[in-house]
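Notes for the one structure printed next.
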Amino acid sequence: MGKILFISERADKIKQYSKIFDKKPFEFLNSCDENSILEIAEINPPDAVIFDSALQSVKHIIKKLKSVTGSTAFILLSQNGIIEPDITKYINAFLTDDMSESLITSTITASLKTKNSLEQLSDTNRNLADSLYRLNVLYSTSSQFAGSLDKEKLVNYMIEGMDKSLSFDLTCTLAFCTEEQPVLILNSLYEISDELLSAIKLRTVLNYKSLFENKKPPFEIDAETLKVIKTVKYPANRFTFTLFRYDNMFAPISLGDNFFGCIEIFKETPFTSDDATCFQTIAQQVSLPLKSATLYQEIKETNLKLEKLERLKSEFISIVSHELRTPLTAIKNSLDILSSKRCGEINDSGVKFLTMAQRNVSRLAGIINDLLDLSKIEAGKMDYHFANMNIHSVIDYVKSSLSVVAKEKGLNLIAEETPDLPEIYADSQRLEQVLTNLVSNAIKFTPEGKTITIRSHIADASQITANDCFKEDLEKLRGKYIVVCVEDQGIGIAEKDLLRAFDKFAQIENSLSRKVGGSGLGLPIAKQLLQAHNGAIWCDSELEKGSRFYFAVPVSEVPSETEKLLTLN
Ligand code: ADP
């Protein structure tokens, strides 16, 4: 039940108490010499100490004992029932000289029980604190895992987490994910000799192979050539082969069919079942981010390859277009000379073929110019000349340059002017290019006898609405814009194809678009040009009814010369 140290000089009391406690379940010791009392307390601390208040130095001895014992119960035997007030704070129970044997026994037994309960409570508290600490480590380790897509870092976080929660002597991590070749990462408390290192390498390879008993391992590894990365905490000390007698745990690091490695850890003192759970949890937790990191790396590599291909394609387009342009200019010039009749008269069918050749040459020149523009925009080499300007000048230019073509097709091309529109800050040539493309498309895709209308108005970004597929482009708009709309009564575009019309080389599947032809580059070029203006382009349409193509350009923030003059006046 308990070891009792009795401190008294009174022979009758020593006799009385030894009679009660010098038998099982108690163990009785008596002393009143300060040195031997402290020696007993240090070597084998008593469960209870009974002090005789008759002793001169009682307070002094209690204080000294308190500093060397843990949860020992301190009981005072009061000679006359009087207790000094400043002693009470050190004492757990009291006895008096006139107490009966049964009362003494029950007081001591109760004190010992209290002491045991306190010890259990402090053990539970300690375990609780340990668990809390582990939970904290697991939490911070998993946060580190979640925040990284770097495989090397992930493996290091795993080892750090294990060190903090399990304080190992050595970890051997065979990692298949950090370099081209598998590596053995050793994190050791002490230095490892070459012989011991060879043994560790061999053991690791055998452990690894044991994971694939009946199957072929993902990699062939050879203990002799296995690359090692070693970190030693205290290089002044060395491990010996007794390391292999230490307690150890082993786990694979894998997720489904994805194998990232395995880990073995050694510790001189035995691991608990909580240690095992923590070890397995960390080894499992790291697998998922390692898988994400692998996928991320694959995506990054594929992206790099795609970027390279895209660059090569752009370079190819740009070179080919340049190469085509020179002979095409020569052909065009020759055809112009022929049709000017400077080289002699041409008969009627000659004129017919010459006109056909000229039309196709200018179509080809248009396609080549589109290709060159696109490759310039994509390479960031397009030149822009921004200035304050009025949108009507662009509309007037496009209307007058295309009205002949529209008329030839029996179409009515009109522009509705909105007075007093503020100026925009734009490159007029690029906007003419955009509007020319929209009006040309409207002419191409509208049957004879119908009308094409160009309108413009001012709108706040919040008032601009469009089909959901253009949401991403329109969300970026802020402030005031001049919106230009080209409305036709043509074949229209199905809702599912609205966004696709702006893709490179896209031609919406219908009989007319195949017949009229085109490069499929006009709208993607227009989209890029408007992005360069911090604007947007979109459309709405209904099959067989017609389309409305819109583009928005921000209103200039710099006042025009006329505005400046008006403010001055
Ligand atoms: P293209 O030079 O082939 O016209 P665009 O990029 O200008 O290239 O247009 C892409 C496709 O969008 C066209 O081939 C056509 O299918 C469709 N499209 C463009 N404008 C209209 C329109 N006004 N009406 C119907 N379809 C159109």
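Whatever order the structure lists them in is the order used to number ligands and atoms, beginning at 1. Not measured: the values here are computed from a predicted model. All values below were derived from every heavy atom in this structure, side-chain atoms included, with hydrogens, water molecules and symmetry-related copies excluded.
- Under the rule for a salt bridge (charged side-chain N to carboxylate O under 4.0 Å, His left out), the partners of K545 that lie at least two apart in sequence or sit in another chain are E542.
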Discussion item. Could you walk me through whether K399 and E417 satisfy the salt bridge (Lys or Arg N to Asp or Glu O under 4.0 Å) test, starting with their C-alpha distance in whole Å, then the side-chain angles of each, then the deciding distance to 0.1 Å, before giving a yes or no?
Written reply: CA-CA 12 Å; K399 194 193 157 210; E417 277 221 1; over 6 Å; no
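- Salt bridge absent: D348 and K352 never bring a charged side-chain N and a carboxylate O closer than 4.0 Å.
- Here is the list of ligand 1 atoms found below 4.0 Å of a heavy atom in P524: 6 (O).
- Atom-to-atom distance recorded for I493:CD1 and L498:CG is 6.0 Å, nearest 0.5 angstrom.
- Residue C539 places every heavy atom at 4.0 Å or more from ligand 1.
- Only the side chain of N437 comes within 4.0 Å of ligand 1, judged by heavy-atom distances.
- Every salt bridge (charged side-chain N to carboxylate O under 4.0 Å, His left out) that D497 has, sequence neighbours left out, goes to R500.
- Interface atoms of ligand 1 facing L521, defined by a heavy-atom separation under 4.0 Å, are 6 (O), 8 (O).
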Worksheet item: Could you go step by step and tell me if R134 and D275 meet the salt bridge (Lys or Arg N to Asp or Glu O under 4.0 Å) rule?
Response: CA-CA 9 Å; R134 285 237 164 115; D275 290 342; 2.3 Å; yes
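- Taking only nitrogen or oxygen atoms, main chain and side chain alike, L523 reaches within less than 3.5 Å of ligand 1.
- Not less than 6.0 angstrom separates the ring centroid of Y550 from the ring centroid of F470.
- Looking at ligand 1, you'll find an N or O of G520 within less than 3.5 Å of one of its N or O atoms.
- Numbered from 1 in the order shown, with element, the atoms of ligand 1 that lie under 4.0 Å from a heavy atom of K444 read 1 (P), 2 (O), 4 (O).
- For F502, the closest heavy-atom approach to ligand 1 does not fall below 4.0 Å.
- Residue S547 places a heavy atom under 4.0 Å from ligand 1.
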